[in-house]
Amino acid sequence: MKYTQLGRTGLKVSRLVLGTMNFGPQTDEADSHAIMDAALDAGINYFDTANVYGWGENKGRTEEIIGNWFAKGGERRDKVVLATKVYGNMAADGDAWPNHDKLSALNIRRAVDASLKRLRTDYIDVYQFHHIDRRTPFEEIWQAVDVLVQQGKILYVGSSNFPGYKIAQANEIAARRGGTIGLVSEQCLYNLAERRAEMEVIPAAQEYGLGVIPWSPLQGGLLGGVIKKEVEGGRRASGRAADSLANTAIRAQVQSYEDLLDKHGIEPGEAALAWLLTRPGVTGPIIGPRTAAQLDSALRAVELELSDELLTGLDEIFPGPGPSPEAFAW
């Protein structure tokens, strides 16, 4: 495994981030523990989750699964850089009591303690805001964060799904307060087929020293060889990938992508991950393996070297928006 610093911090993290959203809803606890053991054995030390994972009446279940894994010992907790998130409504029926969601100081305090209990740990390495809260000022958010850092309950703070201007606003206010390190990472939707983050989000993250953690690196399976699997194995695409393939132009684009990688003898899913690892500002993509085989495939991407010819071909199939403001100004 290769490692890098998380943004401007001294924290060393793996170039792949283990996403745990499937733990509980799709992968049972025993298999989830086996995947975490295999990831740790392979050198992946950055694990990502969220308080709402488990979904519906099972919100919080994913954190519980991770907490039970930590409780097995073997220095599991000490070896892991643990990231979780706050913002979502934690009520099972979706009808949150006032102040039981978003980023008020009250909810942040309450949510941290609840996550710590489920995760069976006394601190969270990277505590992430899952979404912007348009009604809570960053002065209040940073005040709450400062208290939690002083208490030793969290070490760093990151964002997720933030636009570029909110990254700037958050860190400028943190700087004015003094003594607050501000955001150190941003999780955003970013992959070959979805490159809008290159216009504002990633430049803002680079300017303010945030590590970029792309989620959905395969665009819901669209970049994982979905057409080939459909033709050879009869596996029909579902979800976001199926919706995209219904568009004939996108299907032709994905077919060109798979043909290009077949020419180079590279698996599509591994190429999509490897491409992200070449992108400026990217710390590492979030992978969400449901099986050991999917984890093995992701691990191969770390060692995969993409030629200049292949990178050029990928840009031709999936052109980015270009730099800001040129991308939209002229």
Side-chain angles (χ1 to χ4, degrees), residues 17 19-26 47-67 82-171 173-174 177 180 182-189 201 210 213 215-216 240 286 288:
V17 181
T20 62
M21 188 170 66
N22 293 321
F23 294 176
Q26 297 188 44
F47 288 19
D48 176 77
T49 192
N51 59 354
V52 294
Y53 289 172
W55 311 112
E57 63 182 13
N58 294 312
K59 289 175 183 176
R61 177 58 182 148
T62 302
E63 286 188 332
E64 290 176 350
I65 289 172
I66 296 170
L82 175 64
T84 192
K85 306 183 191 76
V86 59
Y87 179 87
N89 170 3
M90 289 297 291
D93 60 4
D95 187 17
W97 193 252
N99 303 309
H100 277 66
D101 61 358
K102 300 188 173 63
L103 302 180
S104 69
L106 177 59
N107 187 56
I108 288 174
R109 174 183 175 180
R110 178 185 290 119
V112 165
D113 287 341
S115 284
L116 289 172
K117 183 177 180 180
R118 287 188 293 266
L119 289 163
R120 301 176 72 171
T121 185
D122 57 2
Y123 72 100
I124 294 162
D125 296 282
V126 186
Y127 199 52
Q128 301 161 119
F129 308 134
H130 213 160
H131 196 275
I132 62 170
D133 183 347
R134 293 179 172 89
R135 294 190 174 183
T136 303
F138 278 110
E139 289 85 355
E140 176 181 344
I141 293 170
W142 288 129
Q143 182 182 51
V145 165
D146 289 345
V147 171
L148 294 173
V149 171
Q150 290 164 7
Q151 292 174 337
K153 293 181 179 180
I154 64 175
L155 301 181
Y156 304 94
V157 177
S159 57
S160 182
N161 306 308
F162 271 35
Y165 83 95
K166 280 294 182 181
I167 291 172
Q169 184 183 54
N171 276 16
I173 292 174
R177 284 177 51 81
T180 299
L183 300 174
V184 303
S185 64
E186 159 62 16
Q187 280 191 24
C188 58
L189 176 60
V201 176
L210 279 66
I213 314 294
W215 60 265
S216 195
R240 187 185 303 165
I286 298 175

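Along the sequence shown, residues carry numbers from 1. Computed from a predicted structure; not experimentally measured.
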Inset, instruction - Determine, step by step, whether Thr62 and Thr20 satisfy the side chain to side chain donor-acceptor pair (under 3.5 Å) criterion, reporting the C-alpha distance in whole Å, the side-chain angles of both residues, the deciding distance to 0.1 Å, and the verdict. - result: CA-CA 7 Å; Thr62 302; Thr20 62; 5.6 Å; no
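- With a 4.5 Å cut-off on side-chain heavy atoms, Phe23 and Thr49 do not count as touching.
- Nearest approach of Leu189 to Ser216, heavy atoms of both residues: CD1-CB, 3.6 Å.
- The heavy-atom pair separating Gly182 from Ala174 by the smallest distance is CA-CB, 3.8 Å.
- Expressed to the nearest 0.5 Å, how far CD1 of Ile173 lies from CD1 of Ile141 amounts to 8.5 Å.
- Rounded to the nearest 0.5 angstrom, Ile66 CD1 and Leu82 CG are separated by 6.5 Å.
- Scanning for ring-ring contact (aromatic ring centres under 6.0 Å, His included) contacts around Tyr53 gives Trp55, with sequence neighbours left out.
- Not a single donor-acceptor pair under 3.5 Å links the side chain of Asn51 to the backbone N or O of Val86.
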N/O donor to acceptor pairs below 3.5 angstrom from side-chain atoms of residues 112-119, sequence neighbours left out:
| unit_1 | atom_1 | unit_2 | atom_2 | d |
| --- | --- | --- | --- | --- |
| Asp113 | OD1 | Lys153 | NZ | 2.8 |
| Ser115 | OG | Glu63 | OE1 | 3.2 |
| Ser115 | OG | Glu63 | OE2 | 3.0 |
| Ser115 | OG | Ala111 | O | 3.4 |
| Arg118 | NE | Glu63 | OE1 | 2.7 |
| Arg118 | NH2 | Glu63 | OE1 | 3.0 |

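- When all heavy atoms are compared, the tightest approach of Ser104 to Thr136 is N-OG1, 3.8 Å.
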Legend entry - Stepwise side chain to side chain contact (heavy atoms under 4.5 Å, CB included) check, Arg110 with His100: CA-CA 8 Å; Arg110 178 185 290 119; His100 277 66; 3.7 Å; yes
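- The ring-ring contact (aromatic ring centres under 6.0 Å, His included) search around Tyr123 returns none, not counting sequence neighbours.
- Shortest non-hydrogen contact noted between Ile167 and Phe162 is CG1-CB, 3.9 Å.
- When all heavy atoms of Leu183 and Ala170 are compared, the closest pair comes out as CD1-CB, 3.7 Å.
- Annotation: side chain to side chain donor-acceptor pair (under 3.5 Å) contacts of Asp48 (sequence neighbours excluded): Lys85, Gln128, Gln187.
- Atoms CG and OH, on Leu148 and Tyr127 in that order, are 7.5 Å from each other to the nearest 0.5 Å.
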Inset, instruction - Please assess Asn107 against Asn99 for the test side chain to side chain contact (heavy atoms under 4.5 Å, CB included), listing each intermediate value before the final yes or no. - result: CA-CA 6 Å; Asn107 187 56; Asn99 303 309; 5.5 Å; no
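- More than 12 non-hydrogen atoms from other residues, nucleotides or ligands lie less than 6.0 angstrom from CD of Gln151.
- For residues 129-151, every residue pair satisfying the salt bridge (charged side-chain N to carboxylate O under 4.0 Å, His left out) rule, not counting sequence neighbours, is listed here: Asp146-Arg177.
- The shortest non-hydrogen separation linking Gly88 to Val52 is CA-CG1, 3.8 Å.
- For the pair Asn22 (side chain) and Gly288 (backbone), a donor-acceptor distance under 3.5 Å is present.
- For residues 159-170, every residue pair satisfying the side-chain hydrogen bond (donor to acceptor under 3.5 Å, both in side chains) rule, not counting sequence neighbours, is listed here: Ser159-Glu186, Asn161-Trp215, Lys166-Gln169.
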